[in-house]
Amino acid sequence: ALVAAEAGLKVALLTSAKVATQCNSYWAQGGIIYKANDDAPHLLASDIYRAGAGLSEAPAVDALTHRGPGLVEDLLLDAAGVNANVPFDRDAAGNLSLCLEASHNRARILHWKDATGKAITEHIVPAAAAHPNVTLKTGVTATDLALAHDTENPQDQRVAGVHTLLDAGDGHEPVTYTAPHVVLATGGAGSLYEHTSNPSAARGEGLGMAIRAGAETKNLEYFQFHPTTLYVPGEARFLLTEALRGEGAILRDASGRAFARDYHEDGELAPRDVVARMITAEMAAQGADCMYLDISHRDSAWLKERFPTIDAHASGLGFDIGSDPLPVVPASHYHCGGITTGVDGKTSLPGLLAAGEVSCTGLHGGNRLASTSLLEGLVWGDAAARTAAEERDAAEAFLARPTVTLSSGSLGSDEALRLAEIHAVDTEGLLAEIQGIMWEDVGVVRRTEDLERAKHRLAELRWLADELVHRSPAPLDPEMASLRNAATAASAIAEAAAKNMVSAGAHYVEDGVAAEAEEVEKARPFQA
């Protein structure tokens, strides 16, 4: 938004949240990639390829490794105050404090304690909102992309806005926002799973809308599970950042045995998919509900200063991170797939741009490297803004044609035909069924029979959600719209997973085909 606004574009920044900082990025604990003193693009690229099971795409890797550090300086370390000046942690000499995280060959991660996402969003969102060319609107739930087409040439169409439901206090009012370009930056889909580190709103909303509009997608089957979320029965899973293992935390079973190096030479610092599976394997072998993450060998006072958010949450549940091993289980964390997006932010639909987790740039391949997500959002947010500025005139000329019309979207039905029990539909129950299927059958370890069963049932639930929306009284209930997006996204993910029997990265199919040896070799880390 800031880059587009600085280029002279008028920007409407829409969010369904009541407070704009409440987004996926806000909850990022670990950090954002910057650069070590002896770093270079090829050194970071080697880590990305390795973590991505050799499936990461070169154009995206090159874009991030070459442009990323400069954009961190321009947009997040802007002492002049035009953009954001995020107070990342510094050492006693005032230098930026860089930490090491799993699968990185150097300490190159900027952080603010253990709440980096919070620090970034709380600085960059106000900077954007204060810009005279940016209008920030909260309480706006998007339901559909608005498609414009030329009546004289129906094949000539583009995305020209978004249909929404505006929270009017005593209900929701349908509002359509039109624009030459729409940038989807709606975050991930972790809450399609029963166990997740994501906020509840991360249901694949943008992905669902894009799929219904006909946008191309790719790599949907690659869903990363964070290895370590705090396990307390009856409590929501709480992320225990990768940085804990970067600082030396050890995985142990209930007897205290360290087991990570039994599975991988890098132990706790192996790629996330490997660590998630080793924990799952130990749980299954021992019939245990969880494993344990132990960093009690580090100085307690230092730990509590370095990880204050984790310390506060853990202590509230009766744990002392300085002395107690923390019970952990894997949980859905990051979607490596999404809307097919080029290095310029463009999707397959003219007028639709994407950035962040909703997109699939090819950067992450089969599995995401720690702390790449915030940087990817920065790099592709900048790219999308520049593309929108460069193509503004052509887009406006298309929309100005007298023969162009706009789709109406799905805002509910004014007709008498509707389901008899429409008001009694249990949207929470249907979402819970989706989440259960995704966790059991499209989870950390997958099997062909389970994937086929999930594909068919989720397709049925997608059809049902579509029917509920089409037969709902106007204006549409936001929860109904959200359910449809969730069902659309979950069905597409399961279908992609069932089609791909090659087991690689975060898509681990127990009875599938192992990735080719050359892909493994391609993923080998750079040796300095």
- Query: Does Thr228 reach the main-chain N or O of Thr241 with its side chain, forming a donor-acceptor pair under 3.5 Å?
  - Reply: no

- Taking only Lys NZ, Arg NE, NH1 and NH2, and the carboxylate oxygens of Asp or Glu, determine whether Lys218 and Glu57 approach each other closer than 4.0 Å. yes

- Item | Non-hydrogen atoms of Trp380 and Ala63 that approach each other most closely | CH2-CB, 4.1 Å

- Message: Please check if the number of heavy atoms outside Asn95 that lie under 6.0 Å from its CG is greater than 12.
- Response: yes

- Could you check if a side-chain atom of Ser103 sits within less than 4.5 angstrom of a side-chain atom of Asp47, using non-hydrogen atoms only? no

- In Å and rounded to the nearest 0.5 Å, what is the NE2 to CG distance from His335 to Leu207? 6.5 Å

- Between Thr229 (side chain) and Val329 (backbone), is there a donor-acceptor pair under 3.5 Å? yes

- Message: Salt bridge check, Glu221 against Lys499: does any charged N sit closer than 4.0 Å to a carboxylate O?
- Response: no

- Query: Taking NZ, NE, NH1 and NH2 as the nitrogens, is one of them in Glu282 or Arg257 under 4.0 Å from a carboxylate oxygen of the other?
  - Reply: yes

- Message: Measuring from atom CD of Glu357 to atom CD of Gln224, what distance do you get when rounded to the nearest 0.5 angstrom?
- Response: 9.0 Å

- Query: Given Arg108, which of Leu98, Leu100, Leu43 fulfils the side-chain contact (heavy atoms from CB on, under 4.5 Å) condition?
  - Reply: Leu43

- Message: Using only atom types and a distance under 3.5 Å, with no angle test, would you say the side chain of Asn24 pairs donor to acceptor with the backbone of Gly187?
- Response: no

- Mind checking the CG-CD spacing from Leu461 to Glu433? Nearest 0.5 Å is all I need. 4.5 Å

- Task: Return the minimal non-hydrogen interatomic distance between Ala270 and Ala102, and the atom names on each side.
- Result: O-CB, 4.1 Å

- Message: Within the structure provided, determine whether Lys346 and Leu353 are in side-chain contact (heavy-atom separation under 4.5 Å).
- Response: yes

- So do Arg368 and Glu376 actually touch side chain to side chain, heavy atoms under 4.5 Å? no

- Before accepting this row, confirm whether a basic side-chain N of the pair Arg453/Asp450 lies closer than 4.0 Å to the acidic partner's carboxylate O. yes

- From OG (Ser491) to CE (Met438), nearest 0.5 Å: 9.5 Å

- Taking all heavy atoms of Gly505 and all of Asp273, pick out the closest pair and write down the distance. O-OD2, 3.0 Å

- Using atom types as modelled and distance alone, determine if a side-chain donor or acceptor of Thr387 lies under 3.5 Å from a backbone N or O of Asp344. yes

- Scan Asp324, Asp262, Asp294 and name whichever one has a salt bridge (Lys or Arg N to Asp or Glu O under 4.0 Å) with Arg252. Asp294

- Message: When you measure from the side chain of His264 to the backbone of Val274, do you find a donor-acceptor pair of N or O atoms at a distance under 3.5 Å?
- Response: no

- Item | Non-hydrogen side-chain atoms of Ile434 and Arg203 separated by less than 4.5 Å | no

- Message: Are Leu239 and Trp27 packed together at the side-chain level, in the sense that at least one heavy-atom pair is separated by less than 4.5 angstrom?
- Response: no

- Task: Determine whether the aromatic ring centres of Phe88 and Tyr34 lie less than 6.0 Å apart.
- Result: no

- Query: Does any N or O in the side chain of Arg237 come within less than 3.5 Å of the main-chain N or O of His195, such that one atom is a donor and the other an acceptor?
  - Reply: no

- Message: Whether the side chain of Thr196 engages the backbone of Ser332 through a donor-acceptor N/O pair (distance < 3.5 Å, no angle test) should be reported.
- Response: yes

- Message: Looking only at side-chain N and O atoms, does Asp511 offer a donor or acceptor that is under 3.5 Å from a partner on Thr448?
- Response: yes

- Task: Any chance you could measure Leu458, atom CG, to Ile493, atom CD1, to the nearest 0.5 Å?
- Result: 9.5 Å

- Query: Parallel under 30°, tilted from 30 to 60°, perpendicular over 60°: which one fits the rings of Phe259 and Tyr263?
  - Reply: perpendicular

- Query: Salt bridge check: are Asp441 and Arg457 linked by an N-O gap of less than 4.0 Å?
  - Reply: no

- Message: Under a 3.5 Å cutoff, is there a donor and acceptor pairing between the side chains of Thr309 and Gln29?
- Response: no

- Item | For Ala60 against Leu363, the heavy-atom pair lying closest together | CB-N, 3.6 Å

- Around Trp439, counting heavy atoms of other residues, nucleotides and ligands shown, do more than 12 lie under 6.0 Å from its CH2? yes

- Tell me, yes or no, whether the heavy-atom count around Glu452 atom CD, taken from other residues, nucleotides or ligands under 6.0 Å, exceeds 12. yes

- Message: Less than 3.5 Å apart, any donor N or O on the side chain of Glu205 or Asn485 sitting next to an acceptor on the other?
- Response: yes

- Side-chain heavy atoms of Asn367 within contact of Tyr508, under 4.5 Å: no

- Message: Working to the nearest 0.5 angstrom, can you tell me the gap between Leu76 CG and Leu378 CG?
- Response: 5.0 Å

- Query: So, the side chain of His297 versus the backbone of Gly248: is there a donor-acceptor pair under 3.5 Å, distance only?
  - Reply: yes

- Quick one: do the Thr116 and His111 side chains pair a donor with an acceptor below 3.5 Å? no

- Message: If we check side-chain contact (heavy atoms from CB on, under 4.5 Å) with Leu110, which of these qualifies: Ile120, Ile33, Leu96, Asp89?
- Response: Leu96

- Message: In the structure I gave you, are the side-chain heavy atoms of Ser348 and Thr340 within less than 4.5 Å of one another anywhere?
- Response: no

- Task: Determine the minimum heavy-atom distance between Pro327 and Cys290, stating which atoms define it.
- Result: CB-SG, 3.7 Å

- Message: Is the ring pair Phe238/His313 parallel, tilted or perpendicular, if the boundaries are 30 and 60 degrees?
- Response: parallel

- Message: Whether the side chain of His104 engages the backbone of Ala370 through a donor-acceptor N/O pair (distance < 3.5 Å, no angle test) should be reported.
- Response: yes

- Message: If the threshold is 4.0 Å, N to carboxylate O, is there a salt bridge linking Lys35 and Glu73?
- Response: yes

- With distance as the sole test, does Arg446 use its side chain to make a donor-acceptor pair with the main-chain N or O of Ala497 at under 3.5 Å? no

- Kindly indicate, with the supporting measurements, whether the criterion side-chain contact (heavy atoms from CB on, under 4.5 Å) is fulfilled by Leu374 and Ser25. CA-CA 7 Å; Leu374 290 174; Ser25 296; 4.0 Å; yes

- Is there a side-chain contact (heavy atoms from CB on, under 4.5 Å) between Arg245 and Val275 once you walk through the steps? CA-CA 11 Å; Arg245 285 177 284 129; Val275 181; 3.8 Å; yes

- Task: Please tell me if the side chains of Thr280 and Pro330 come closer than 4.5 Å, counting only heavy atoms from C-beta onward.
- Result: yes

